[in-house]
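See below for the structure under consideration.
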Amino acid sequence: SGSFWYLPPNERCEPYGERSWVIRQFLEGPRMPVRFYIDISKFEFDATGEGYGTLEPARRIRDVLRAKGYEVNYQEFLSGHDDITWRGSLGDALIALFGSMTPHQP
């Protein structure tokens, strides 16, 4: 559940404006040799209209990263923004980013 809506203090956003500074950094910058795991709750939408939800920006950054050729593992859950959810998805993230561990064969 990334804070892809984040704006640095020197950026200004009108109420109800799009908060996409982080997304723009990837869109405008060069492609780097990294891969991503993003998971998000379907309940983390912006109910206020002020641009602070995390669901819509997560979907946008997923699309931007994939369009730039990054490997992106993306999941949406019907759950909350809490440690119970992360407990279940942390293993998925580690496997997606580092691969599964197999016993060492002598």
- line: Heavy-atom closest pair (S79 atom, F43 atom, distance to 0.1 Å) is O-CD1, 2.9 Å
field: Shortest non-hydrogen contact from P57 toward I23
entry: O-CD1, 3.7 Å
task: Please check if the side chain of S41 supplies one atom and the backbone of L78 the other of a donor-acceptor pair under 3.5 Å.
output: no
query: If only atom types and distance count, is the side chain of Y70 paired as donor or acceptor with the main-chain N or O of V64 below 3.5 Å?
result: no
message: If the condition is side-chain contact (heavy atoms from CB on, under 4.5 Å), which residues does S89 pass it with, not counting sequence neighbours?
response: Y37, D39, F77, W86
message: Once side-chain contact (heavy atoms from CB on, under 4.5 Å) is applied, do any residues pair with L94, and if so which ones, sequence neighbours excluded?
response: L90, F98
- request: Please collect all salt bridge (charged side-chain N to carboxylate O under 4.0 Å, His left out) contacts where either partner lies in residues 29-38, sequence neighbours excluded, each pair once.
  value: none
query: With sequence neighbours left out, which residue pairs that include part of residues 65-74 fulfil the salt bridge (charged side-chain N to carboxylate O under 4.0 Å, His left out) condition?
result: none
task: Mind checking ring pair (Phe, Tyr, Trp, His ring centres under 6.0 Å) for F26 and listing every partner two or more places apart, or none if nothing turns up?
output: F36
message: Would you compute the distance between atom CD1 of I61 and atom CZ of R24 and round it to the nearest 0.5 angstrom?
response: 11.5 Å
message: As an exercise, state the distance from CG of N73 to CG of L97, rounded to the nearest 0.5 Å.
response: 7.0 Å
- prompt: Considering only heavy atoms from C-beta outward, does the side chain of I38 approach that of L65 to under 4.5 Å?
  reply: yes
task: Return the set of residues passing side chain to side chain donor-acceptor pair (under 3.5 Å) with Y74 (not counting sequence neighbours), or none when no residue passes.
output: E76
